[in-house]
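Here is how names work: the chains are called A, B, and so on, in the same order as the sequence lines, proteins then strands, and each is numbered from 1. Note that this is a predicted model, so its numbers are computed, not measured.
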Amino acid sequence: MESTETFQALLPEEAQTLVAVMKRIVPHNDATLQELVWKTAMAYDAQLVAHVSTRQEVRKNLRELDMQARQTHAKPFAEIPPDTQDAMLKTIEDTSFFQSLVNATISDFYNRYAVWTALGYPGLAQRDGAGYLHKGYDHLSWD
Amino acid sequence: MARPMLRVPLNEPADVVVIGTGAGGGNVIRELCLKGVKVVALEAGPRLDPDRDFEEDEWVMFHKLSWLDPVIGEGPDMTGLPAWICQAVGGTTTHWAGAALRFQPHEFQARSTYGEIPGADLDDWPLDLDSLAPFYEEAERALGVAGRVLPLPPGNTNFLVMQRGAEKTGWHAKPGFMAINTEEYDGRAACTQRGYCFQGCRNQAKWSSLYEAIPKAEATGLLDLRPNCQALHINVDSQNRVTSVVYARADGQWEEQKARAVVIAGNAIQTPRLLLQSVSGKYPHGLANGSGMVGRYYMRHVTASSYALFPRPVHAYKGMTMMGLVDDFANNDPEVRHFVGGFHLETIMLGPSFASVFIEPGPGTSTPNRRALWGKPLVELMENYTRLAGLWIVGEDMPQAGNRVTLHPYQKDQYGMPVPVVTYHDHPNDRAMREYAWSRARELYLAAGATKVYDTPPYPATHNLGTCRMGHDPSASVVNEFGQAHEVKNLFIADGSIFTTSAAENPTLTISALAIRQAHYLVDLMMREEL
Ligand SMILES: Cc1cc2nc3c(=O)[nH]c(=O)nc-3n(C[C@H](O)[C@H](O)[C@H](O)COP(=O)(O)OP(=O)(O)OC[C@H]3O[C@@H](n4cnc5c(N)ncnc54)[C@H](O)[C@@H]3O)c2cc1C
Ligand code: SF4
């Protein structure tokens with residue numbers, strides 16, 4: 001299990017909220033994929049270290065989201081049920097904060113080898129240069 | 001073995017200074033050096049080694065290759081990142097997919113064929129297909145175009161799906177003309193269907209000037225290539241002749257290279273930027289811009305994509321990223337379609353990360369009104385990644401005077417050069433074409449058995465055209481049919497900015513043919529001592 005303590009730009013509670021939001025952006029049921037969201041959250045946190053103005057903006061938005069969850073549902077955002085989380089995110093989905101977060105999350109998450117493997121994409125195996133020439137590039141299994 | 005590298009002293013005029021080493025620059029450089037002309041090539045980006053530096057990673061390669069210095073986009077149809085262009089030796093031919101199509105004859109006569117279209121300033125090109133045909137042939141030999149000088153590419157699974165749909169709808173899917181080695185050619189290896197064409201081809205099977213034109217020119221001993229050098233200003237004398245190019249080295253140091261002639265090939269955003277920035281007493285509105293046309297008529301094709309989910313696996317990422325096409329809509333048929341000009345459907349596939357970002361994109365990568373896919377609908381798409389097929393729509397867009405490249409009044413880049421501002425809005429003809437093309441693509445995929453079809457909006461512009469228009473009339477265009485500036489006889493432009501209209505075809509083969517034709521003309525002028 002990863003820990004929020006390893007984050008550098010975000011405080012532990014903010015990091016909890018971030019991971020919870022990211023899990024709703026890419027809500028795969030697969031447990032391995034769920035765990036990998038931590039890696040993406042940490043990569044995002046690392047980027048915020050150098051970008052002070054974005055960091056302030058992100059922290060403000062994460063704290064607001066958490067506060068609202070506590071006010072309305074008496075629990076931190078990270079602990080309310082997924083459907084309720086989704087409903088809350090729906091209300092902010094067109095904000096630039098959320099749209100940028102989606103972009104950052106998916107471009108990192110779906111570029112991870114472990115995610116590729118889980119999706120059945122053998123991109124990593126392409127380093128050798130042999131290609132799909134003899135590996136079914138011209139064969140549709142449904143023909 | 002290559003001869004020792006040429007070093008032209010700064011104060012000794014180079015025969016020709018070429019700015020940019022992509023499709024236009026690369027072809028000019030090769031032809032000039034092979035004919036014995038001494039060339040200094042300035043390239044803003046680094047020189048990468050395909051084997052060492054190309055990686056199977058979309059973002060890593062995007063960051064290694066792209067022009068990431070600021071470019072400001074304006075207008076309702078502008079994408080968050082305005083254009084996808086490279087900054088590297090080889091230019092955007094490192095990223096490109098390799099589709100190498102010739103124009104159709106009528107596309108050189110857009111104004112005569114389509115008539116007066118309100119809001120668009122159509123014009124006929126100052127040359128026709130017959131005069132370009134021999135140079136198309138030369139370009140096809142140089143680039144190694146499959147279907148012309150090599151066997152046609154075999155169909156990958158993405159193509160087989162397209163073909164299945166086309167058979168059911170009565171259209172025709174066929175392997176396209178690709179500048180990709182379907183067998184060993186010109187000392188470069190054959191394609192092994194690795195499917196990383198957009199990331200740079202490590203096999204060097206897909207043509208790039210990085211490993212074709214540049215090394216051939218270097219082998220003559222007549223090329224002085226200067227990577228990491230950005231041209232900032234072009235100087236002229238009182239006789240309207242270009243005399244030198246001021247440029248910045250990577251360390252920020254400025255240099256000035258004397259030149260007998262200058263060829264600019266910086267792509268359709270950077271080329272007008274450099275001209276507009278090169279202000280002098282004679283040219284208060286920018287070099288060669290007496291007509292006020294520099295920067296105007298920016299075009300980027302009518303583009304969009306269609307991705308479809310199938311019940312069974314497709315594995316469309318296998319094999320050439322782009323290789324098959326449907327040409328049934330490439331002709332001009334306004335009676336039936338209610339818009340002028342045509343478009344092609346071309347197979348395309350993105351890796352998982354680009355697929356998640358671009359198939360239903362947000363405002364950061366698409367237009368401001370877009371909402372990125374997230375949550376369950378995104379998971380549905382991505383868990384079915386291997387069942388996706390995809391195609392790209394590319395068609396002719398209308399030249400509009402308001403679509404243009406200008407200089408930002410005060411924002412500057414790291415060398416103090418004004419940042420370019422690119423403005424674009426769709427013409428009603430463009431919108432009608434895109435809607436029509438989306439619905440044909442949907443029809444095709446549904447016929448092939450798709451369960452869901454995504455209408456994907458344009459990516460950041462990959463085909464950037466038209467900002468230094470070619471024409472007969474010096475008051476309405478910037479260059480003549482050879483890409484020679486009307487006002488400055490030893491100044492040439494060799495990239496997509498000289499396109500009079502955009503035509504429906506991917507532009508690079510035409511850029512290459514025009515560049516080769518220009519190089520021949522330039523050498524002729526030099527032989528006759530008219531330069
Ligand atoms: C992902 C992708 C796929 C594509 N697929 C296809 C395809 O299948 N078929 C097709 O026909 N086209 C395709 N294209 C488009 C194709 O790459 C371009 O049309 C072509 O490369 C343009 O050639 P160019 O000479 O105008 O500019 P470029 O190839 O972009 O070269 C311009 C060069 O000039 C340099 N430069 C600019 N300004 C300066 C300066 N001031 N000083 C020094 N150097 C400078 C740049 O760094 C760059 O290297 C694709 C493009 C992309 C991004
Ligand atoms: S599919 Fe062929 S052309 Fe494309 S990158 Fe791979 S080897 Fe090169």
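Considering only heavy-atom pairs separated by less than 4.5 Å from chain A, the leading option among B:Asn158, B:Leu160, B:Thr386, B:Thr365 is B:Leu160. Ranked by non-hydrogen atom pairs under 4.5 Å with chain B, the options A:Val102, A:Leu133, A:Asn29 are led by A:Leu133. For chain B, the option among A:Leu119, A:Asn111, A:Asp138 with the highest count of heavy-atom pairs below 4.5 Å is A:Asn111. In terms of heavy-atom pairs under 4.5 angstrom with chain A, the leader among B:Gly319, B:Gly364, B:Pro313 is B:Pro313. Interface remark: of the candidates B:Arg370, B:Lys376, B:His315, B:Lys376 forms the most heavy-atom pairs closer than 4.5 Å to chain A. Among A:Asp86, A:Asp108, A:Leu33, A:Asp94, the residue making the largest number of heavy-atom pairs under 4.5 Å with chain B is A:Asp94. With chain A as the partner, the residue from B:Gly449, B:Gly362, B:Ser353 showing the most heavy-atom pairs under 4.5 Å is B:Ser353. Comparing A:Asp30, A:Ile25, A:Asn103 by heavy-atom pairs within less than 4.5 Å of chain B, the highest count is held by A:Ile25.
In terms of heavy atoms, A:Ile92 sits closest to A:Phe98 at O-CB, 3.4 Å. Smallest separation of non-hydrogen atoms from B:Thr79 and B:Pro458: CG2-O, 3.8 Å. The two residues B:Glu58 and B:Pro352 have their closest heavy-atom pair at OE1-N, 4.1 Å. Pairing each heavy atom of A:Gln34 with each of A:His28, the nearest pair is NE2-O, 2.6 Å.
Aromatic ring pairs are classed by plane angle as parallel below 30°, tilted from 30° to 60° and perpendicular above 60°; the pair B:Phe358 and B:Trp59 is parallel.
With B:Trp96 contributing its side chain and B:Ser208 its backbone, the two residues share no donor-acceptor pair below 3.5 Å.
Residue B:Phe159: no heavy atom, backbone or side chain, is found under 4.5 Å from chain A. Proximity to chain B (any heavy atom under 4.5 Å) is restricted, for A:His139, to the backbone atoms N, CA, C and O. If you measure heavy-atom distances from B:Phe354 to chain A, you find no contacts under 4.5 Å at all. At a 4.5 Å heavy-atom cutoff, the contact between B:Asn156 and chain A is made by backbone and side-chain atoms alike. If you measure heavy-atom distances from A:Val26 to chain B, the contacts under 4.5 Å come from both the backbone and the side chain. Proximity to chain A (any heavy atom under 4.5 Å) is shown, for B:Tyr317, by both the backbone and the side chain. For a residue to count as touching a neighbouring chain, one of its non-hydrogen atoms must lie under 4.5 Å from one of that chain's; by this rule A:Ser100 does not touch chain B. At a 4.5 Å heavy-atom cutoff, the contact between A:Trp142 and chain B is made by backbone and side-chain atoms alike. Neither the backbone nor the side chain of B:Val60 comes within less than 4.5 Å of any heavy atom of chain A.
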Worksheet item: Can B:Phe62 and B:Leu81 be said to form a side chain to side chain contact (heavy atoms under 4.5 Å, CB included), step by step?
Response: CA-CA 12 Å; B:Phe62 175 80; B:Leu81 172 76; 3.8 Å; yes
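Of the listed residues (B:Leu350, B:Leu373, B:Leu378), just one forms a side chain to side chain contact (heavy atoms under 4.5 Å, CB included) with B:Ser356, and that residue is B:Leu378.
Within a 6.0 Å sphere centred on NE2 of A:His134, other residues, nucleotides and ligands contribute 12 heavy atoms or fewer.
Ion pair A:Arg70/A:Glu13 flagged as a salt bridge, since at least one NZ, NE, NH1 or NH2 atom sits closer than 4.0 Å to an Asp/Glu carboxylate oxygen. Between A:Glu93 and B:Arg371 there is a salt bridge, since at least one side-chain N of the basic residue sits less than 4.0 Å from a carboxylate O of the acidic one.
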